[in-house]
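First the structure, in the form of structure tokens, and then the observations on it.
Counting convention: from 1, in listed order, for ligands and their atoms alike.
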Amino acid sequence: MAADLAAGIRGRFPIFDRLVYINSCSQGALSDAVRQSYDDYLRDWDERGAPWDYWVEKAEHVRTSFAGLVNADPDEIAVTTSVSAGVSALLSGLRFDGGRDTIVVSDFEFPTVGQIAHAQERLGRRVVHVPAAADVTVPVEHFARAIDERTALVCVTAICYRNGSRLELEEVTRLAHERGALVLVDAYQAVGAVPVDVRAIGCDFLAAGTLKYLLGSAGLAFLYCRRDLVDGILPTATGWFADRDIFEMDIHDYSPAPTARRFEAGTPPVPSIYAGVAGIQLMKALGIAETASHVQALNDLLIAGIDELGGRVVTPRDPARRGPLIAVASTDEHALVDALAGDGIVTSSRDGSLRLSAHCYNTRGDVEAVLEALAWYRRLLAA
Ligand SMILES: Cc1ncc(COP(=O)(O)O)c(C=O)c1O
């Protein structure tokens, strides 16, 4: 295990002086760099007044950072305030013609994706769900049963926020494309934790944000749209920062930007951009592939320890089918999260499971502390 990875960076996250923080699927821990970035924002505001040229430049900088992160071109990236905003803008402009009126949604999607898809029913679209299998995967065969000549878009999450299951993005994308459908990947639980490459996946759209494994704060996300698709999508959820020329200030016209900027809306979230740039820089310097193998080794230990305690790991065991998040079945997940919090261990829960999500800064010692506490609260583990 790359013990040095955590050793080299842990001191930059003051929370570890007080707590065992193993909850990055909810929110990344605060680093000295991200804290400093907020000071920088306040300093720039104070010293310069309204430096909008500079701030817009910063927004362009984060666009380039996002592009580098997922192997896209900056012109293919919209800088948004949330995944929801990006996905809403996309679906508001996507064409559902040629008899393709259907959005296919896996049962492992985050609520926002399902809800935005169902909101399109008001415009005559149809939503088809892809059920999960008993082994906590959504097999490609299940997608194959759902995708047909009526499918316009397939929504597939990279890693499920509830149970840590990692979906087969390349295979689902290949299948969807064979059948003439487009693919949207929700990579929020993956970016920063595992390498994400839009070209390797082959997907048409991908959305994610900075709050979790990218170590930023709320209010900043992005949407990737493959270059050749941009032109054909005219979002009706829009705003002046999506316009071809932001400074034209024309209230008589809708002329969206020729790039993925057309999926943006209003004034960029400047403070979150400062934080996002700092968080992404930190993760890039540390190495996302290195982080992924560090966390996989920690999770191997965690899974072995939970087995020993007689607990049940909900997340698929195959390392290729899981990401950083490990879900553990509980008889009362809220009581378990509270009990661990009482011992200074920060976790979260969903759907009957405790969620443990290690990141670059977590150590073998953190995993041992969690296992020791779980042994104490064994009655809250479900067999
Ligand atoms: C997989 C996934 N998608 C989307 C979201 C929500 O994104 P946003 O609040 O930026 O719309 C989350 C947040 O937890 C998530 O885990």
From CA spacing to verdict: side chain to side chain contact (heavy atoms under 4.5 Å, CB included), Val367, Asn362
CA-CA 8 Å; Val367 171; Asn362 289 110; over 6 Å; no
Distance-only side-chain donor-acceptor flag, Asp135 / Thr137, under 3.5 Å
yes
Check: Tyr161/Asp186 side-chain N/O donor and acceptor closer than 3.5 Å:
no
Residue pairs fulfilling side-chain hydrogen bond (donor to acceptor under 3.5 Å, both in side chains) with at least one residue in residues 101-122, sequence neighbours excluded
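Only Ser84-Thr112, Asp101-Arg150, Thr102-Arg126, Ser106-Glu109, Asp107-His129, His118-Glu121, His118-His129 qualify under side-chain hydrogen bond (donor to acceptor under 3.5 Å, both in side chains).
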Pairs meeting criterion side-chain hydrogen bond (donor to acceptor under 3.5 Å, both in side chains) with involvement of residues 265-283, two or more places apart
Asp44-Tyr274, Trp55-Tyr274
Holding to side chain to side chain donor-acceptor pair (under 3.5 Å), I want the full list of residues that pass it with Arg350, two or more places apart in sequence or in another chain.
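Once residues adjacent in sequence are excluded, Arg350 has no partner under the side chain to side chain donor-acceptor pair (under 3.5 Å) criterion.
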Could you check ligand 1 for N or O atoms lying under 3.5 Å from protein N or O atoms and list the pairs with distances?
| residue | atom | partner | partner atom | Å |
| --- | --- | --- | --- | --- |
| ligand 1 | 3 (N) | Asp186 | OD1 | 3.3 |
| ligand 1 | 3 (N) | Asp186 | OD2 | 2.6 |
| ligand 1 | 10 (O) | Val83 | N | 2.8 |
| ligand 1 | 11 (O) | Val83 | N | 3.4 |
| ligand 1 | 11 (O) | Ser84 | N | 2.8 |
| ligand 1 | 11 (O) | Ser84 | OG | 2.5 |
| ligand 1 | 14 (O) | Lys212 | NZ | 2.7 |
| ligand 1 | 16 (O) | Gln189 | NE2 | 2.9 |

